[in-house]
Amino acid sequence: MKKLLLVGSLFIATGAMAHNDNDSHISFSGDSCKVEFQNDVRIKPNELEIFTANDHTMTFTNNGELIVDGQTLALDDQQRQAISDYSDSLRGQLPEVANIALEGVKIAGVAIEEVANAFNIQGLDSINDLMAEIQVEVENTFYQQGAFVMGQQSFNDFGENFESHFDEQIESAVESAMMQSMGSILMALGSELMGAGGDMQAFEQRMENMGAQIEEKVELQANALEKRADALCDNFSTIAAQEQQLVKLVPELKNYQLFSYKQNN
């Protein structure tokens with residue numbers, strides 16, 4: 001149960017960062033919208049790249065050059081300004097996905113700490129170390145060789161590495177902590193049962209109240225993060241509309257659109 005809580009909390013606060021195994025695309029959902037990422041993006045200090053699954057590449061440099069599949073396109077001032085505005089929007093908004101995911105890791109840590117404190121669970125050092133490793137892994141998913149990267153391949157790599165490296169270690173660390181603290185857990189449960197006067201119904205209510213208190217502390221942070229995710233989804237919808245206008249100005253960019261946007265009913 002705690003492993004599920006940990007892994008689920010990692011991305012619960014993203015609103016709904018999802019990857020459907022039956023679909024090749026990643027989607028980002030909020031209460032009012034759903035944005036699907038169609039291509040991958042790499043943001044470097046001096047240029048922005050969007051590349052497709054079949055290795056076609058669009059590059060826009062800070063000096064205003066647009067390069068599509070190795071060919072530099074001639075741009076007028078209106079086209080150059082539109083691409084520059086689009087590039088600025090991506091640079092300003094996409095890193096927020098990484099920020100939200102990293103905040104989700106922190107919320108997972110809060111949830112584990114609250115449960116541990118409630119039942120006096122010891123031996124959490126290994127779990128805390130794993131949480132730190134997961135944070136590094138998330139950072140490495142988005143930030144690679146001085147660039148911000150977001151797309152299908154990076155998420156696939158993260159998922160595969162999580163399964164192969166972290167999944168079994170998390171389960172082992174949780175089981176170890178539980179075994180080390182079994183006595184403390186039983187004493188805590190016994191204390192709660194005695195506090196209920198041996199009444200099982202009252203005991204169950206006390207346990208439910210304790211769980212509700214823990215949930216409330218975690219949900220306060222998770223809800224705030226979900227609001228950030230909803231706002232981000234709305235911002236992505238604005239960028240998606242910006243893309244549509246950009247393609248009208250520069251038709252060569254039709255196959256390099258990053259977003260597909262759907263308004264929720």
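If you're wondering where the values come from, they're calculated on a predicted model, not measured in any experiment. Position 1 is the first residue of the sequence; numbering continues from there.
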Rounded to the nearest 0.5 angstrom, the CG-CD distance for L75 and Q78 is 11.0 Å
Looking only at non-hydrogen atoms, find the nearest pair between A101 and V138 and report the distance.
CB-CG1, 4.0 Å
Say you draw a straight line from CD of E226 to CG of L232; how long is it, rounded to the nearest 0.5 Å?
13.5 Å
Could you tell me whether the side chain of Q79 and the main chain of D76 form a donor-acceptor pair under 3.5 Å?
yes
Report the distance from atom OH of Y256 to atom NE2 of H56, rounding to the nearest 0.5 Å.
6.0 Å
Check whether more than 12 heavy atoms from other residues, nucleotides or ligands sit under 6.0 Å from atom CG of D77, and answer yes or no.
no
Shared ILVMFWY cluster between I67 and F51, side chains joined below 4.5 angstrom?
no
Given 3.5 Å as the limit, does a donor-acceptor pair link the side chain of S87 with the main chain of I83, or not?
no
Minimum-distance pair of heavy atoms, taken over all atoms of L249 and A82:
CD1-CB, 3.6 Å
Distance-minimising heavy-atom pair for Y143 and P95
OH-CB, 3.9 Å
Would you give the length of the straight line joining atom CD of E252 to atom CG of D69, rounded to the nearest 0.5 angstrom?
11.5 Å
So does K44 get a backbone contact from the side chain of R91, meaning a donor-acceptor N/O pair under 3.5 Å?
yes
So, does R80 use its side chain to make a donor-acceptor pair with the main chain of G64 at under 3.5 Å?
yes
Between the side chains of Q81 and D85, does any donor sit under 3.5 Å from an acceptor?
yes
Between the side chain of N62 and the main-chain N/O of P45, is any donor-acceptor distance below 3.5 Å?
yes
From Q244 CD over to K254 NZ, what is the distance, rounded to the nearest 0.5 angstrom?
10.5 Å
What verdict does the side chain to side chain contact (heavy atoms under 4.5 Å, CB included) test give for I50 and L48, after you've listed the backbone C-alpha separation in whole Å, the side-chain angles of each residue and the deciding distance to 0.1 Å?
CA-CA 7 Å; I50 294 177; L48 180 145; 4.0 Å; yes
Side-chain donor/acceptor of E65 to backbone N/O of T72, under 3.5 Å:
no
Is there side-chain contact between V149 and D40, with at least one heavy-atom pair below 4.5 Å?
no
Nearest 0.5 Å, what's the CD-CG distance between E133 and N140?
11.0 Å
Any donor-acceptor pair under 3.5 Å linking the side chain of N39 with the backbone of N255?
yes
Return yes if a side-chain donor-acceptor contact under 3.5 Å exists between E96 and N99, otherwise no.
yes
CA sep, side-chain torsions, deciding dist, call: F236, L258, side chain to side chain contact (heavy atoms under 4.5 Å, CB included)
CA-CA 10 Å; F236 285 164; L258 196 60; over 6 Å; no
What about L73 and M58, same hydrophobic cluster or not, with Ile/Leu/Val/Met/Phe/Trp/Tyr joined at side-chain heavy-atom distances under 4.5 Å?
yes
Check E243, Q242, Q245 against Y86 for a side chain to side chain donor-acceptor pair (under 3.5 Å) and give me the one that passes.
E243
